[in-house]
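All chains are named by letter (A, B, ...) in the order of the sequence lines, taking the proteins before the strands, and each is independently numbered beginning at 1.
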Amino acid sequence: MELTVDTLEGGIKCVRLAGRMDLKGTQSIEARFNAETGALKQSVIVEMAGVGFIASIGIRLLLANIKQLNPAGAKIVFCRPQKMVEDVLRLSGLDSVAEIAADEAEAVKLLKGV
Amino acid sequence: MSATVQITLQNNTDELQRLNELVAQFGADNNFTVQEEYAVFLCLEELSTNIINYAWPNGGDHTFDVRLSVDETAIKIEFQDDGIPFDPPKFPKQDITKPVHERPIGGLGIHLVRQQSSEMFYERLDEKNILFVKIKRGQS
């Protein structure tokens with residue numbers, strides 16, 4: 001999998017993921033994803049347009065970091081997931097602990113809470 | 001129309017790549033829709049990983065079989081392993097509505113298989129776990 005980090009307008013951080021979030025793919029980005037999201041205790045956009053598949057191992061990684069951010073009052077906003085991936089996020093209940101945005105502008109708004 | 005493919009895998013997660021390649025080809029040959037292909041990949045990934053990680057607690061080299069068949073109405077997946085008894089349909093249901101701090105990190109795999117499949121059936125026969133998963137075709 002690929003993981004890149006961007007800074008958007010207003011200093012908002014965006015972690016972009018691409019590839020298959022299966023066992024192998026998730027393990028390949030796990031340490032960097034933790035370091036770039038949960039460990040920093042800051043709200044972050046996770047852009048998923050390039051993710052074509054997610055299994056429970058990928059959901060676990062996302063949930064673990066949401067749980068780490070939550071007590072610090074910070075959150076993850078997921079941005080542009082593909083249809084099937086979004087379905088799995090929702091079937092896993094991640095939509096009740098994080099927001100899902102259709103595009104970057106909406107993600108920024110949700111992150112700022114406006 | 002019907003087709004079947006079978007593969008024997010070792011209890012090593014590196015084997016999942018070989019399984020995925022086989023399934024991608026089988027899906028292309030049999031016109032799986034995007035949804036069908038996703039459901040098959042998900043069921044195979046979750047249930048094969050469970051077998052590899054938990055079927056043989058004492059470790060060692062083992063193999064298990066995965067058989068995939070398809071006709072106009074359904075895609076059927078059958079797993080056979082000689083590991084310790086494990087009945088996925090009896091695995092407790094997940095409560096995904098709990099607040100984030102109460103949410104367990106594990107246990108989601110079988111929850112997702114239940115969501116993506118239409119039937120799951122388990123039997124223990126001749127010291128083997130046999131698990132059938134059915135994915136109905138023609139669903140949106």
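- In summary, the side chains of Q80(B) and E78(B) do present a donor paired with an acceptor at a separation below 3.5 Å, with no hydrogens or angles considered.
- Side-chain N or O atoms of K75(A) include one that pairs as donor or acceptor with a backbone N or O of L110(A) at under 3.5 Å.
- Side-chain atoms of N11(B) come within 3.5 Å of backbone atoms of G60(B) as a donor-acceptor pair (strictly under, hydrogens ignored).
- Counting heavy-atom pairs closer than 4.5 Å to chain B, the top-ranked of the candidates V85(A), I54(A), I59(A) is I54(A).
- Contacts between L16(B) and chain A at a heavy-atom distance below 4.5 Å involve the side chain alone, from C-beta outward.
- Distance alone, capped at 3.5 Å, places no donor-acceptor pair between the E37(B) side chain and the G27(B) backbone.
- Proximity to chain A (any heavy atom under 4.5 Å) is shown, for D14(B), by neither the backbone nor the side chain.
- Of all the listed residues (K83(A), M84(A), R20(A)), the one sharing the greatest number of non-hydrogen pairs under 4.5 Å with chain B is M84(A).
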